[in-house]
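Heads up: the structure comes next, in structure tokens.
The figures here come from the full heavy-atom set of this structure, side chains too, leaving out hydrogens, waters and symmetry mates. Each chain gets a letter, A, B and so on, in the order its sequence line appears, and its residues count up from 1.
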Amino acid sequence: MTIHDPRMQLNPKQQEAVEHRDGPLLILAGAGSGKTRVLVERIVRLMQTGGVNPWNIMAVTFTNKAAKEMKERVAQSMGQRANDLWMATFHSFCLRLLRRHAEVLNYHTHFTIYDDLDQRSLIKKILKDMQLSDTVYKPASIQYHINKAKNDGIKAEDFPSGGDFFLKKVGAIFAEYQKHLILNQAMDFGDLIVNALHLFGKSPEILSKYQNQFQHILVDEYQDTNKSQYALIRLLADKWKNVCVVGDDDQSIYKFRGAEIRNILDFQRDYPQAKVIRLEQNYRSTQNILNASNAVIRGNTERMGKELWTQNGQGECIRMFGGQTDHDEAEFVCSSIMSHREKYRLGDMAIFYRTNAQSRILEDSLRKHKIPYRIFGGIKFYDRAEIKDMMSYLKTLVNPSNTISLKRILNTPARGIGKTTVERIDAAADRESACFWDVISSVSDPRWALELNTGTMTKIEDFVKLIARLNQARQEIPLDDFLTFLYEQTGYWQMLTAEKTIEAQSRQENLTEFTNVLDDYLHENEEGTLESFLDQISLASDTDKMDDNTDFVNLMTVHLAKGLEYPVVFLVGLEEGLFPHVRSFDKPEDIQEERRLCYVGMTRAKELLHISFVNERKLFGSTQYQIASRFLDEIPEKHVTMMHDFGYQARGAAPVHKGPSWSSTASYPQTRKQSIPKHETQIDYQYSQAEQPCRQGSRVRHAVFGEGKIILIEGGNSDQAKVTIEFGRGIRKKLSLKHANLVFVR
DNA sequence: GCCCGGTCGATTTTT
DNA sequence: TCGACCGGGC
């Protein structure tokens, strides 16, 4: 986020946004236009001269990082008073309400938050209970449907099947899933929002209390809100209608997780009296970068319209590299990085890619050139097994009804409580409408009719005693010592020590890091309890602590790059099928989202933007022949310097191999493919009867499987060519192009 | 429990 | 191509 000198005057538009007093306000804040500053100053102003109490102001963001930054910046002006603001992420805001009013929804106040792994486990359990095959009903797919419904504010009982058998079943699973969440006294992420809505639906008194309280509501990144979040804001703002939303329709890139771009596009329809302010002056990039970015985003039809400009000067042209292979691209990036090293720190440079799979080849090159880098995304700290195990202990201590966590730790480390035992306990719990914990905490009670041998009984009793001992201990010993106590009492630490592997050692290191996380938390929150720590962790993510004071080249997906900025940016893999991704080819609105993503990537760059694409890329083990992204056609040539003249103009025409006309300071790879295969997109295969070329994304019809989409072509233009085609819901076939007799449609 | 081999799938991800 | 995951066998 751009933090330009706070002593600097606000520009007239920013000023207007800060000064607007009452009524709905939409701030269309372009990339790098100083929107955080506007939000902060607006809040400060409301408090300072507007006579609004901090507790009457609610400000919501999407990430903890954004909430924290805003809080700190308000505190710089307002000191302690900033603590009374309701400033949080959507999820922690809702959590606060739900903890306070849990009983209204038949929850107790210490309910557990399920992350998506917990959610997945519960779904699997339900599939088992309902005797549904998890190959037909893939847990991931069920999870997607459930989350989507929650994002869209659809209840299980209203789940639309449209007569579809599969979806009907999904609805039934969904209903069962919700039932089990209550049994487990747990809520998933979606529930936090949805249940807040239910709470208001159930209790008009509570609703009106908060409606009265929040005289001013501010929403950051409004283009990322989903339907449920939209409904929540709408409801809360209903009394005062002082709702100020900040966002950028051109940076809406989270449709796949429920973001509803219509929320921002339709703001004026929802609030006809709304004032709209555009922040178009950019403080981040050069005019060249902005012109190119503006040109790309102009290709979208559904947008509010915005043109970024700057006083930063023209700057350098965008450096465009067209290479032969993905390896060449990586080499281009590395040699450029090395040539920039004199002027820039490594930490000032970043590489953005569309898909995580692209990072590998880049990493190989970076390592080869001994360029230190760090990579964002991937395995998350809190998703590591050892951290999840400890979290499960802690969650179980706070809420033993939570069977998912309980089962995870029951036999971790191994205590000889096996699968059969668990199944018998499950059966008993079901039979007696009790929860798992009820059974094991009185395991010898004849009521359960458990046919367990005495050895197993003792093992279970020992486990129950362990939990009791831990619960006792957490009252008695200081929280910062409790984790270590936990590691030892459970035997977990000893288990890792006994393993004597490097992996086990690194797990121990992670556990040590986990105690540091708790220590930090306790330092920052004097009143911190185990419960509040769990909340914090459950709603935390690794990206919250992306600090930029390290001297490593930064690697991340374009999605993760949103909100960040770097002096030097490499945007790689600008090729059809990759960026825009094949999966977006079907729907114009998906292509538009890809274009926004491209725009987000480009506008991260402050001074130097590099864009690259190649002709051949290894994908899923085989070579794909690529053509330059359509987005590149949209960038006016005058903003571009070609670093390599090969391929750029090749879209739609067979590329002419001229060899590298540009080569960097570093050694350029000498090995080249002997023959350049005829371009994939140009295959007009004799067995295909259509004029349309056979290419990734093409729609085809097969006599047996029906209509589908080509997702992969292997073997190029040869008799051995194989195409992988997706026919409707996940059915994929790999067919020989020669024999499949495909008919190209559309 | 644990290891091995086969199979399947592979866009993006916060909370 | 490569990793995750599952089921079978010990």
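Proximity of A:R360 to the phosphate of C:dT1: no side-chain N or O atom is located under 4.0 Å from OP1 or OP2. The side chain of A:S584 contributes no N or O atom lying less than 4.0 Å from OP1 or OP2 of B:dT11. Contact annotation: A:N356 side-chain N/O to B:dT11 OP1/OP2 distance is not under 4.0 Å. Contact check, A:N226 against B:dT15: no side-chain N or O comes under 4.0 Å of OP1 or OP2. Between A:N64 and B:dT14, a side-chain N or O to OP1/OP2 separation shorter than 4.0 Å is absent. Put simply, A:R583 has a side-chain N or O that comes within less than 4.0 Å of OP1 or OP2 on B:dT11.
Taking atom CD1 of residue A:I253 and atom C1' of nucleotide B:dT11, one finds them 12 Å apart after rounding to whole Å. Put simply, CZ on A:F62 is 16 Å from P on B:dT13, counting in whole angstrom units. The distance between atom CG of A:L232 and atom C1' of B:dT15, rounded to the nearest whole Å, is 14 Å. At whole-Å resolution of the value, CD in A:Q358 and C1' in B:dT12 are 11 Å apart. Here B:dT13 presents its C1' atom at 20 Å from CZ of A:F381, a figure rounded to the nearest Å. Atom CD1 in A:I591 sits roughly 17 Å away from atom P in B:dT12 (whole-Å rounding). In this entry the distance linking NZ of A:K138 with P of B:dC8 reads 10 Å, nearest Å.
Positionally, the nearest nucleotide of DNA chain B for A:K419 lies more toward the 5' end than for the other of A:T557 and A:K419.
Counting any heavy atom pair closer than 4.0 Å across all strands shown, A:K148 reaches no nucleic acid atom. Within the 4.0 angstrom heavy-atom criterion, no nucleotide atom of any strand lies near A:R596. Residue A:D191 is out of contact with every strand shown, counting any heavy-atom pair closer than 4.0 Å. If you check every strand for non-hydrogen atoms under 4.0 Å, A:E594 touches a base. Using a 4.0 Å heavy-atom cutoff across all strands shown, A:G416 reaches sugar-phosphate atoms only and no base atom. Within 4.0 Å (heavy atoms only), A:F256 reaches at least one base atom of the nucleic acid.
A:N147 has its side chain within reach of A:Q119: a pair of non-hydrogen atoms, C-beta onward, lies under 4.5 Å apart. Contact annotation: the side chain of A:Y107 approaches that of A:I182 to within less than 4.5 Å [non-hydrogen atoms, C-beta and beyond].
Under the side chain to side chain donor-acceptor pair (under 3.5 Å) test applied with A:D224, the options A:Q251, A:K562, A:Q229, A:K255 reduce to a single match, A:K562. When each of A:F352, A:F579, A:Y254, A:F376 is tested with A:H559 by the rule ring-ring contact (aromatic ring centres under 6.0 Å, His included), just one qualifies, namely A:Y254. Checked options A:D389, A:D118, A:D426; the residue passing with A:K407 is A:D426 (criterion: salt bridge (charged side-chain N to carboxylate O under 4.0 Å, His left out)).
The nucleotide whose nearest atom lies closest to any side-chain atom of A:R257 is, among C:dT1, B:dT15, B:dT14, B:dT14. Each of B:dA10, C:dC6, B:dT13 was ranked by its minimum atom distance to the side chain of A:F620; first place goes to B:dA10.
B:dT12 and C:dC5 have their P atoms separated by 16 Å, given to the nearest Å.
A perpendicular orientation is assigned to the rings of A:H91 and A:F189, their planes being inclined by more than 60° (bins at 30° and 60°).
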